[in-house]
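For reference, the structure discussed in these notes is given below.
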Amino acid sequence: MSVRTRLAPSPTGDPHLGSAYAALFNRAFAHQNGGEFILRIEDTDQTRNRAESESAIFDVLRWLGLDWDEGPDIGGECGPYRQSERLAIYKEHMEQLLASGGAFRCFCTKERLDEMRRQQIQAGKTSKYDGKCLTVDPAEAEERAARGEPHVIRLRVPEEGECRFVDGVRGDVTIPWSQVDMQVLIKSDGFPTYHFASTVDDHLMGITHIFRGEEWINSFPKHQLIYQNFGWDMPKHYHLPLLRNPDQSKMSKRKNATSINYYRRCGFLRESLLNYLATMGWSMPEEREKFSMDEFYADFTPNRLSPRGPVFDIEKLSWLNGLYIRELSSEELKARVFDWAFGGERLDRLVSLVRERSERFDDLFPKVDYILGDRVDLTEQDFEHKKLELSDSKKVLEFVNRALGEVEQWNRDSLYESLNQLAGLMNVKFKDFLFPVFVAISGRSVTLPLFDSLELLERDIVTIRIRSAIEALGGISNKERKRLDKEWRTLVD
RNA sequence: GUCCCCUUCGUCUAGUGGCCCAGGACACUGGGUUUUCAUCCCAGCAACAGGGGUUCGACUCCCCUAGGGGACGCCA
């Protein structure tokens with residue numbers, strides 16, 4: 001049997017570094033064993049899917065060179081590779097599971113569940129479904145379901161004993177069944193949850209090994225139960241450590257740049273990003289720190305995976321990146337810098353923006369400095385303004401970041417629309433409103449047109465620059481954040 | 001709170017019972033090369049969380065404590 005691995009991201013936002021991290025090990029393991037690496041899109045949450053996200057995932061994984069052997073865009077023998085297109089498959093399997101008693105219909109209301117959880121936590125117990133609907137007679141449940149009564153389908157979990165399993169990274173792990181929730185497998189909208197869909201798909205797609213984040217380790221018993229109910233062999237699991245922020249917490253948007261595209265737009269090379277990621281929680285036999293993907297694929301072994309969560313250190317990544325830059329031939333470096341700065345439509349866009357504002361060639365370049373390079377560090381003085389207090393500017397920036405987070409199509413016009421609307425809601429004259437944004441983005445108040453700049457800079461760089469500007473203005477305390485949250489809600493409702 | 005996982009320099013890590021009064025790398029500090037800067041070279045700083053066992057011998061094995069992280073959703 002051939003080794004098959006997969007990456008199963010959900011298209012709910014900017015492709016995360018953690019996805020690249022998992023992809024790296026999955027792909028390496030499959031390919032060094034002559035197997036296949038599969039990309040599957042986990043789009044079972046109808047409320048969170050974002051249209052642009054799927055293509056962003058394709059784009060960024062291809063940029064990294066982590067391409068796949070089967071996937072939604074290229075097909076394969078186990079398609080379709082988008083879960084929203086596999087609903088009939090899940091339905092059929094669920095009928096089987098229901099018939100065997102491995103799952104049951106649950107008609108409990110959200111209110112009852114909320115109250116139940118509240119009480120459990122208060123009583124110091126693990127919060128989980130209490131099994132009320134387990135007592136509903138299956139025939140009656142079928143009847144109620146047939147009449148269209150809203151309900152979900154849950155996994156039946158043993159009440160006693162423990163689930164033992166082997167994690168390829170940590171060894172034996174034991175979790176008492178009493179801690180495992182009767183997970184919802186089919187939601188009331190008829191869509192499966194991750195737990196059900198991905199287990200069924202992993203089996204049907206012949207997945208043999210799974211490298212995934214440690215955050216899944218507690219879900220393992222549920223998945224195991226599903227495999228057992230169907231009588232399927234289970235893939236071997238390796239739970240990778242979670243990438244961390246400098247304060248050791250799970251790497252998050254709030255404290256770090258987590259989007260792959262951010263690193264790409266900052267001008268990191270794919271070679272160094274991948275190389276660096278491969279040294280997180282894994283090491284080369286001779287402790288070599290700089291190595292190519294070919295070398296990695298040759299030497300990778302799960303034995304050298306460590307369970308300890310590594311802090312993602314952008315300083316060390318930068319050092320590595322410098323090594324790679326110096327190693328490139330002049331020709332190659334030239335081509336890659338050019339592509340990074342001016343690839344696609346970027347050169348045309350920049351030229352058209354700059355020509356109207358220039359009289360000599362030598363004032364062309366200073367105008368685009370903040371687009372092609374990082375902007376200068378900011379201080380409070382940079383935000384002195386005759387109409388806006390520093391605290392006003394800070395609030396504007398915070399709200400701008402929130403508004404921008406909701407913009408789906410990252411282009412000049414929708415960005416304009418979003419911020420223009422926000423200025424109206426905040427009752428600040430647009431020109432004044434824009435001032436702190438100009439400064440945050442470019443480091444000065446007079447620049448190329450703002451919305452073109454935002455578009456060219458792309459989402460991740462913009463978000464980070466605004467955040468760092470907020471820091472320059474003293475940052476936001478927890479108390480302040482609470483107040484702003486409230487104000488934001490009244491604003492957008 | 002409950003359960004699970006983790007614990008070597010600030011950070012990434014080597015180390016699978018004696019080779020370790022713990023090695024490498026980033027960062028930092030000092031020095032050298034260089035018209036400046038960077039690169040490069042050399043040197044320095046700096047860690048086995050604590051306590052019990054097991055053993056002739058523990059960074060390595062076991063237990064406890066402490067600390068950190070994760071999970072506890074009709075999100076993945």
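First the proteins, then the strands, lettered A, B, ... as listed; each starts at 1.
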Determine the interatomic distance between [atom1] on [N] and the same-named atom on [M]; round to the nearest Å.
| N | M | atom1 | value |
| --- | --- | --- | --- |
| B/C9 | B/G44 | C1' | 14 Å |
| B/C5 | B/C63 | P | 11 Å |
| B/G68 | B/U54 | C1' | 28 Å |
| B/C19 | B/U60 | P | 13 Å |
| B/A27 | B/A47 | C1' | 15 Å |
| B/C45 | B/U11 | C1' | 15 Å |
| B/A49 | B/A22 | P | 15 Å |
| B/C42 | B/A25 | P | 9 Å |

Report the base-pairing partner of [N] (Watson-Crick or G-U wobble, both distances below 3.5 angstrom), or none.
| N | result |
| --- | --- |
| B/A27 | none |
| B/C3 | B/G70 |
| B/A76 | none |
| B/U16 | none |

For [X] and [N], is the shortest distance between a side-chain N/O and OP1 or OP2 below 4.0 Å?
| X | N | result |
| --- | --- | --- |
| A/Arg304 | B/G15 | yes |
| A/Ser283 | B/A14 | yes |
| A/Lys250 | B/A71 | yes |
| A/Thr44 | B/A76 | yes |

Base, sugar-phosphate, or nothing for [X], non-hydrogen atoms under 4.0 angstrom?
| X | value |
| --- | --- |
| A/Gly281 | sugar-phosphate |
| A/Thr174 | sugar-phosphate |
| A/Val173 | sugar-phosphate |
| A/Ser10 | sugar-phosphate |
| A/Ser178 | nothing |

Among [options], the nucleotide that comes nearest once only the side chain of [X] is considered:
| X | options | answer |
| --- | --- | --- |
| A/Gln179 | B/U2, B/C12, B/A27 | B/U2 |
| A/Arg326 | B/C40, B/C75, B/U13 | B/C40 |
| A/Lys187 | B/A76, B/A71, B/G73 | B/A76 |
| A/Trp216 | B/G69, B/C3, B/A76 | B/A76 |
| A/Glu287 | B/A76, B/A14, B/C74 | B/A14 |
| A/Arg48 | B/C26, B/C75, B/A25 | B/C75 |
| A/Glu215 | B/C3, B/C74, B/G70 | B/G70 |

Does [X] pair with [Y] as a salt bridge, N-O distance under 4.0 Å?
| X | Y | result |
| --- | --- | --- |
| A/Arg265 | A/Asp460 | no |
| A/Asp73 | A/Arg62 | yes |
| A/Glu70 | A/Arg6 | no |
| A/Arg444 | A/Asp369 | yes |

Between B/A76 (C1') and A/Arg40 (CZ): distance, integer Å: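 Atom CZ in A/Arg40 sits about 12 Å away from atom C1' in B/A76.
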Length of the line joining A/Glu111:CD and B/G73:P, which is rounded to integer Å: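 Going from A/Glu111 (CD) to B/G73 (P), I get 16 Å.
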5' precedence on RNA chain B between A/Asp247 and A/Asp45 (nearest-nucleotide basis):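 The residue whose closest nucleotide sits nearer the 5' end is A/Asp247.
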First encountered from the 5' end of RNA chain B, between A/Ile175 and A/Tyr194: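 Between the two, 5'-proximity favours A/Ile175.
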Any N/O donor-acceptor pair, A/Ser127 side-chain to B/C72 base, under 3.5 Å: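 Between B/C72 and A/Ser127, which were checked side chain against base, a qualifying N/O pair under 3.5 Å is absent.
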Ring geometry between A/Trp68 and A/Phe58 (parallel below 30°, tilted from 30 to 60°, perpendicular above 60°):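 A/Phe58 vs A/Trp68 ring planes: tilted.
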pair A/Asn256-A/Pro246: side-chain heavy atoms closer than 4.5 Å: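 Of all side-chain heavy-atom pairs linking A/Pro246 with A/Asn256, at least one is under 4.5 Å.
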Under 4.0 Å protein heavy-atom contacts per nucleotide of nucleotides 6-11 of chain B, with B for base, S for backbone only and - for none: SSS--S
Side-chain H-bond candidate by donor/acceptor type, A/Asp294 with A/Ser292, under 3.5 Å: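 Absent: no donor and acceptor within the cut-off.
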Contact list for residues 88-115 of chain A, test ring pair (Phe, Tyr, Trp, His ring centres under 6.0 Å), sequence neighbours left out: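 As it turns out, the ring pair (Phe, Tyr, Trp, His ring centres under 6.0 Å) pairs with a partner in residues 88-115 of chain A, which skip direct neighbours, are A/His93-A/Phe230, A/His93-A/Trp232, A/Phe107-A/His151.
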More than 12 heavy atoms of other groups within 6.0 Å of A/Asp114 CG: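 Yes, because the 6.0 Å sphere around CG of A/Asp114 holds more than 12 heavy atoms from other groups.
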Chi angles and distances behind the side chain to side chain contact (heavy atoms under 4.5 Å, CB included) call for A/Thr279, A/Asn275: CA-CA 7 Å; A/Thr279 64; A/Asn275 184 162; 4.0 Å; yes
